[in-house]
Protein chains: 2
Amino acid sequence: MLDDIDRKLLGILSANARISLKELAAEAGLSSPSTAERLRKLDERGVITGYTVDVDPRMLGYTLQAIVRVRPLPGQLHIIERMIQEMPHCVECDKVTGDDCFVARILVRNMEELDGLLDGIAERAQTSTSLVKSTSVKRRLPALLP
Amino acid sequence: MLDDIDRKLLGILSANARISLKELAAEAGLSSPSTAERLRKLDERGVITGYTVDVDPRMLGYTLQAIVRVRPLPGQLHIIERMIQEMPHCVECDKVTGDDCFVARILVRNMEELDGLLDGIAERAQTSTSLVKSTSVKRRLPALLP
DNA sequence: GATGAAAATGGATCATA
DNA sequence: TATGATCCATTTTCATC
C-alpha cells in the first residue's frame, strides 16, 4: 500500500506540513521532483486528505474544552446532528454506536457559554459532559503499517 | 488579540496549510513580506502551534475507529496514562473530569485488534467503547473571535 | 518510477513610506 | 507596520535513464 518512502514523507509532514519540498526531499533522501510526484499520488489516492494549521484554542480565547456525549430523544436525531454541525463551538463530532449517539468536542470561553450551548439542545437531547483537564495524547498519526 | 487579517490567514491555512506564501498573501490582500511577518508572529505568540497533514485512516489500513472511555482502577491512573500514550493505535486522548478519567480515540484494523488492546489494560481499568459509525463534524477551527 | 538541468515561480531582504 | 523592488532560492517541467 505505502512503501517506506511514503511513510517517511507522511511522518515528516505530520511534524511540519509547511516544510519546503526541497527540505522534505532531502530528509527523505529523494530528489525534489520525485518527492513532488509522490505527494501528488498520495493526494490523488486519498491517503493525504489535506494540510491544516494547528492552533492553540486558549490563544483564541477558548479557555474551556469539553467532550460532550449527546443522546437525542426519539425522533430528534437528525435535527440534533444538524444543530451540532452548525455550532461553531463544535470542532469535532463523531456518530457512534451505543446509547450516546454523538461524541462532540466543544470549545467555549467560560462555563456560562457551555451552559448556554447545552441548554440550547436540552429539549431534544440528553447530554453528558466531561471537561478536559489536560491532553494526554495530542492528535497524531497512528503507526504506519507496512 | 487577533485582527481581521490574522483571522483570514488562519482560515486560509486551515483549508490548505501548504499554500505558497505568495498565494496566501494574495488571498488575504496583503504583500508577501507582511504576510510572512504576520505568520512569524502568530507562531511566536503561540497562536499557531504547528502545521500537519490529514490522512485518511482507512487508506492506512485502519478500518475501525473507536472512542474509548477509560476508568483506571484505584492506584492505576499513572500507569494507564502511560500505557495509553505508548499505544500507537491511540491518536488522541484527553484527561477529563468525571468517573471516566480518559477519553481516547483508537484506530484498529479489525475487531480482534481492538479486543486485544482493551484486554491489555483490562486488569488496570474499566473501559466503555463506542465504535465510530461516521464523522458528523470533521476536525475544524472554532469561530475566530474578534 | 527516478533523475538532472532549464525555465518559471516563489521567498527573503532591504530601503522607503 | 506595510510596501515594492531586488536578488537568491525553490519548484516545476521535461527529456533521459
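The sequence lines fix the lettering, A, B, ..., with proteins before strands; numbering per chain opens at 1.
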Exercise for review: Measure from the side-chain heavy atoms of A/Pro33 and tell me the nearest of C/dA12, D/dT3, D/dT12.
Suggested key: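 Of the options given, the side chain of A/Pro33 lies nearest D/dT12.
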
Point to revise | Shortest side-chain distance from B/Lys41, nucleotide among C/dG1, D/dT1, D/dT10 | key: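 Closest nucleotide among those given: D/dT1.
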
**Study point:** Pair A/Arg38 + A/Asp3: basic N to acidic O under 4.0 Å
**Key:**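 Salt bridge flag = yes for A/Asp3 with A/Arg38.
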
Review point. When we call it a touch if two heavy atoms are under 4.0 Å apart, what does B/Arg38 touch: a base, just sugar-phosphate, or nothing?
Key: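 It contacts sugar-phosphate atoms only.
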
Check your understanding: What nucleic acid atoms does B/Ser34 come within less than 4.0 Å of, heavy atoms only: base, sugar-phosphate, or nothing?
Key ->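 Here B/Ser34 touches the bases of the nucleic acid.
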
Practice item. Would you kindly say whether B/Ser32 and B/Thr35 are connected by a side-chain donor-acceptor distance under 3.5 Å? Key: no

Separation of [N] [atom2] from [X] [atom1] (nearest whole Å):
{"X": "A/Asp4", "N": "C/dA2", "atom1": "CG", "atom2": "P", "value": "13 Å"}
{"X": "A/Leu21", "N": "D/dT13", "atom1": "CG", "atom2": "C1'", "value": "13 Å"}
{"X": "B/Glu37", "N": "C/dA12", "atom1": "CD", "atom2": "P", "value": "12 Å"}
{"X": "A/Leu39", "N": "D/dT13", "atom1": "CG", "atom2": "P", "value": "14 Å"}
{"X": "A/Leu30", "N": "C/dT3", "atom1": "CG", "atom2": "P", "value": "5 Å"}
{"X": "B/Glu44", "N": "D/dT1", "atom1": "CD", "atom2": "P", "value": "11 Å"}
{"X": "A/Asp3", "N": "C/dA2", "atom1": "CG", "atom2": "C1'", "value": "13 Å"}
{"X": "B/Ile19", "N": "D/dT11", "atom1": "CD1", "atom2": "P", "value": "15 Å"}

Check your understanding: Would you say A/Arg7's side chain and A/Leu145's backbone share a donor-acceptor pair under 3.5 angstrom?
Key ->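 Present.
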
**Study point:** A/Arg69 side-chain N/O to A/Gln126 backbone N/O, donor-acceptor pair under 3.5 Å
**Key:** no

Check your understanding: For D/dT10, does either OP1 or OP2 sit under 4.0 Å from a side-chain N or O belonging to A/Lys22?
Key -> yes

